[in-house]
Every structure is written in C-alpha cells, then in structure tokens.
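Start at 1 with the first residue, then count along the sequence. On a predicted model such as this, the values are computed, not experimentally measured, just so you know.
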Amino acid sequence: MNKLVAAIERRQSKFEKISNNNYMMAIKDGFIAVMPLVLFSSFLLLIVTMPKTFGFEIHSTILGWLQKVYSLTMGMIGLVVAGTVAKHLALNFNRTMPAGKVINGTSTLIAAICSFLVLTVTLVTDKKTGATTIIPDYLGAQGLMSSFVAAFITVNLYRFCVKRNLTIRLPKEVPGAIAQAFKDVFPFCFSVLACGGLDVIARNVFNVPFAQAFQKILSPLFKGVESYPGMMLIWFTIALLWFVGIHGPSVVLPAITAIQFANFEANAAMLTAGQTPTHALTPNFGNYIPGIGGTGATFVVPFIFMFLMRSKQLKTVGKASFIPVIFAVNEPLLFATPIILNPYFFIPFLLAPTVNVVLGKFFIDVLGMAGFPYNLPWSLPGPLGILLNTNFQPIAFVFIIVLLTVDVLIYLPFCRAYDKVMQQKELTSNAEPQVAVAKAEEPQAKLTKETKVLVLCAGSGTSAQLAEALNTGAQAKELPLVASAGAYGSHAGILASYDMVVLAPQVRSYYNELKKDTDKLGIKLVATRGMEYIELTNDPEGAVAFILEKIN
C-alpha cells in the first residue's frame, strides 16, 4: 500500500495540472454558476411529480404553467452553460494574457450563446404561412457537449484577436464602453461564423445539426461510462485520489458532468411521461450512493466509532463528526481520525463507494428502483436524497437498508483493527485521549479596520464551519473581523470585496492559480493543511489568532 501511495504522490503534480487545467476549471465553474437554475428546476419537478405519489392531482392549468417554467429553465441549460463556461474560461485565460490585453468576459458569454444556437437550432418555415418554427431539441442537457464546443471556440478566437490587436480602432475621444463594443466585433463575428461552418458541415455530411451529429459520435463513450466497470472506475479513482490528499471530484467529475446532466434530464422526462427513470449515472446518484456521507461512503463511520469502538479518541471523533457527515461534509472525520493516508482505512475507503455503485446500478437496472430524476443539493442527507429521488418507492427503503448494512460490514473490521491500536496508545500514554485542538495565542496586534476573510473549500461545507468559528472568535474579542464561506469556483465575482482568502486543504492545489488573482488585488492568500484546518474549525479563539498572525 505504501508503494502505491508513494507512486500516486509522485504524480500529484500531474493530477493537479488536470484539475487546474483552464478548460476543466471552466466547465466546473460554469456548472457551479448555473446551480441555482438546476436546484430551482429540480424543486419545481418535485412539486409537479411528488403529489402523485400520495394520490393527489394538481389542477391542469397550474400543472401546465409549472411545466412551462421547467421547460424554460432546465430545458435551456445547454444554452446557459455555453455562456457561463465561456465567461469562466475567459477569466482563466486573462490570468496569463499580456499586460494591457484583456478578454471581455461578458462579450464572450453572449458570443458563446449565439454560437451555441447556431450549432443546435433548426429553423423550419411553413411554406403557406411563412411562419418560422424553432426546433429546440438540443437547447437543454442533450446539447451540453455542444455548449463546450461553442464556449471553447469562442474564447480561443477572442484570445487570438485580442493578442494580435485584430480590432476596430476608434479615436480616443470615444467613450470606453462604446470603444470596447467595437473591439469585440471581429472576434464575435469569427466565433459565430466558425460555429456556423461546423453546423453546415454536419448538415451536409450527416444531414442533422451539429449537436445531433456530435452526440451520435460520442454515444459509444456515453454507454461505456455508464456501464458497471465505467462507473466503478470513476468512484474508485475519486476515492483513491482523495485518500492521498488530492481532491478527486475536481479531477474526475468535470469530464463526465455533461453525461450526468443529460441522463438526469432524460430521467426527468421519463418521470413526467409516467415512466420509471432508468439512467443510473446522474449527479445525485454520485452524491447519495457512492458518495453517501462524502467521498469514501463514510456515512456509517461516525456511528461505528460512537457505538462499536472502545477507544475514547475514536468515540470523540465520532461524536464530533456525525452531524457534518450526515450532510456529506466529511473532512472533520477524514482529518481527525485520520482516514486520509491511514493504511488501516485504505481498503474500505476505496471499496465502499465501488460496491455502492454496483448495488445502486443493480437496483436500478434489475430490481426496478427509479433512476434519479432530480438534482437536489449534494449536502442533503443521503438516505433522504435517495427517497426523494425515487418518490419514496418501497424498493428504495430496502435499498437504503442494504446499502448501509453493506457499508458497515465493509468498514467494521478495519475500524476494529484501528480501534485496538488506538486503545493500546491510550493505555501506553496513560492520558485522556482527545481530538487535538489548536492552541490559541493572544493576538500580537489589534485590527485597526474591518477585515473581511473569505474561506474557500470544494463545496462551502467545511468553509462555513471555519467562517463561523472566525466570526464567533472575533465577536468574543470584539475585533472588526468578518468571515464568509464559499466554494472554489464561485468566488471570481466577489474576490475584490475581501482582504484575505483562506484555502481549505481540499482546494489548496489551486493556490498558485488563485494567487495570480489575489496578488493583483492586493489580497492576502493562505492555504491550510488537513489537521490544522480541522483544529481551527473547532477553536474560535485559535482561528482568530491564526488570521491575525497571517495578516500581520
């Protein structure tokens, strides 16, 4: 096991390059930007479909209006993602653009949306009336791959034009906003025309729009990823990377996000048509089955620690972490046990999510459990998320019992082995075992003005805990310090409002990329390590002392 960990660590820089790749980051950040749309649409679909489960019928007028709103939100996600991915890719490229040359993020957003429409929409004209009808089949999740094509082509053409000053120059007296609009004319035209050319080729070669041809070409890949081996490999790799301290979801999931969302939309369409959804590979499947309780399927581990272990330290860790883990925030468990890089947990941490994938897909493919048609928040407790996504199917209750039982059986032998080691250490030390807590030191200097701190993690779970600890500690010491929490990727628009940014361990690999932005804005950037970060979330006084030390 040590040789395997060492081999992965030697390649850590390569994994970080993948997760820090401009295109992968733009896809991830682009989807984060549209999460309000996705969550709203999912809750809307719940309102439409859930009453039928309990024998109620919604009035047809209201139902029709709700379905219209759903179609104009989730049904347009491909269109919206083309814009958000383009904007974030432009922001990523701007970090390395020559001095004085900047890609206009708003203009690329608009150009990418127009380019996406050219790639996906078919216009049909009625010869008798002259009316034109739009066929919108690929404006939703089915067209997401075309969203990426439109965004990538657009931003690269903008970068090419900006670097080479291919623009319309106006006199200095012309207002900046108007001058910028003329500067963007050439790259805008090139982007739309390039995508138009691709669509013309697709229609002449395949007799279908580009989006449909592109999907047909990629369909074998889609099927391979949604197979048992494909899905097992995905969540095995995520857990393996996380075990050595690399944030696996950031490396793996962007590559399959489009497939997940296409399946999620297809499941929703089946559900509204009165059919049982059949696709397994969806965002919520990953959140609530292989990721139940967080990466490694750790939902059951705090309860094993609390009720079945004898080590006082493990019992303490279980009590301290079970609430966050229920809501899929498992960093307190991972770093306080520790599970990360702990050879006792190597096998169950990788095995549990992999087995969960097989169980979940088997229940969907063979036993008739519904595939997940909603995209509810990842932090929803796993069992509740499963029940909501299956509209409380009886088979779902059976599945949850089987899932949690199997996870307990996987983790229990390894927890017992580690428990014996911890008991021996406690006997040897002859001291009360406890979770390490950061020692607070008196601040060396008082803050003279309000200081705003932004804490970033992967999903704004543990960052909220540290932000709360900082606010509590600052209030106790009457210091003008205010902390906020966020997810890395959703920070770009608010960064300038803060004086300091703290990176959680799971996103510390983004340090060098983010430092380019914080240095320009004169913001202090600090990256934390595993146990240090967890200690700070549990110690408001120590957290404040940490910030004062770093900022001074």
Tell me whether [X] contacts the main-chain N or O of [Y] through its side chain, where contact means a donor paired with an acceptor under 3.5 Å.
| X | Y | result |
| --- | --- | --- |
| N356 | I289 | yes |
| Q393 | A370 | yes |
| D407 | V300 | no |
| N284 | N287 | no |
| E426 | Q313 | yes |
| S463 | G486 | yes |
| E226 | A280 | yes |
| H279 | L281 | no |
| T298 | V301 | no |
| T282 | F264 | no |

Intermediate values then yes/no, ring pair (Phe, Tyr, Trp, His ring centres under 6.0 Å), F346 and F243 | CA-CA 7 Å; F346 177 74; F243 186 80; 5.2 Å; yes

On the 0 to 90° scale, with breaks at 30° and 60°, tag the Y418-Y344 ring pair as parallel, tilted or perpendicular.
-> tilted

On the 0 to 90° scale, with breaks at 30° and 60°, tag the Y288-F372 ring pair as parallel, tilted or perpendicular.
-> tilted

Measuring only between side-chain heavy atoms, which start at C-beta, is [X] closer than 4.5 Å to [Y]?
| X | Y | answer |
| --- | --- | --- |
| L66 | L45 | no |
| V358 | M232 | yes |
| F546 | E532 | yes |
| N330 | F299 | no |
| V244 | I340 | no |
| I364 | F285 | yes |
| V85 | S147 | no |
| T295 | P249 | yes |

Distance-only side-chain donor-acceptor flag, [X] / [Y], under 3.5 Å:
| X | Y | result |
| --- | --- | --- |
| Q215 | Q142 | yes |
| T49 | Y374 | yes |
| D419 | Q423 | yes |
| S146 | Y138 | no |
| S42 | N375 | no |

Gap separating the [atom1] atom of [X] from the [atom2] atom of [Y], nearest 0.5 angstrom:
| X | Y | atom1 | atom2 | result |
| --- | --- | --- | --- | --- |
| T528 | L466 | OG1 | CG | 7.5 Å |
| L72 | Q67 | CG | CD | 12.0 Å |
| N22 | I27 | CG | CD1 | 11.5 Å |
| L454 | I494 | CG | CD1 | 5.0 Å |
| T278 | D365 | OG1 | CG | 8.0 Å |
| L387 | I400 | CG | CD1 | 3.5 Å |

Given the rule in the ring pair (Phe, Tyr, Trp, His ring centres under 6.0 Å) test, do F345 and F414 qualify, once you have shown the distances and angles that lead to the verdict?
-> CA-CA 6 Å; F345 291 98; F414 300 93; 8.0 Å; no

List the atom of [X], the atom of [Y], and the distance in Å for their closest heavy-atom pair.
| X | Y | value |
| --- | --- | --- |
| M145 | A258 | SD-CB, 3.4 Å |
| P332 | T462 | CD-CG2, 4.0 Å |
| Y411 | G296 | OH-O, 2.6 Å |
| G385 | L380 | CA-CD2, 3.8 Å |
| K28 | P254 | CB-CG, 4.4 Å |
| Y488 | I32 | O-CD1, 3.6 Å |

Given T337 and F305, is the side-chain contact (heavy atoms from CB on, under 4.5 Å) satisfied, shown in steps?
-> CA-CA 10 Å; T337 304; F305 284 179; 3.5 Å; yes

Do L503 and V526 pass the side-chain contact (heavy atoms from CB on, under 4.5 Å) test, and can you show the C-alpha distance, the side-chain angles, and the key distance before you say yes or no?
-> CA-CA 6 Å; L503 287 179; V526 177; over 6 Å; no

Pair V81-F116, side-chain contact (heavy atoms from CB on, under 4.5 Å): steps then yes or no | CA-CA 10 Å; V81 165; F116 171 78; over 6 Å; no

Please check if atom CG in L218 has more than 12 non-hydrogen atoms from other residues, nucleotides or ligands closer than 6.0 Å.
->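 Correct, the count exceeds 12.
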
Apply the test side-chain contact (heavy atoms from CB on, under 4.5 Å) to residues T316 and K319: give CA-CA distance (whole Å), side-chain angles for both, the deciding distance (0.1 Å), then the verdict.
-> CA-CA 5 Å; T316 303; K319 292 174 183 177; 5.9 Å; no

Is it the case that K361 places NZ or CZ above or below the six-membered ring of Y228, under 6.0 angstrom from the centre and within 45 degrees of the axis?
-> yes

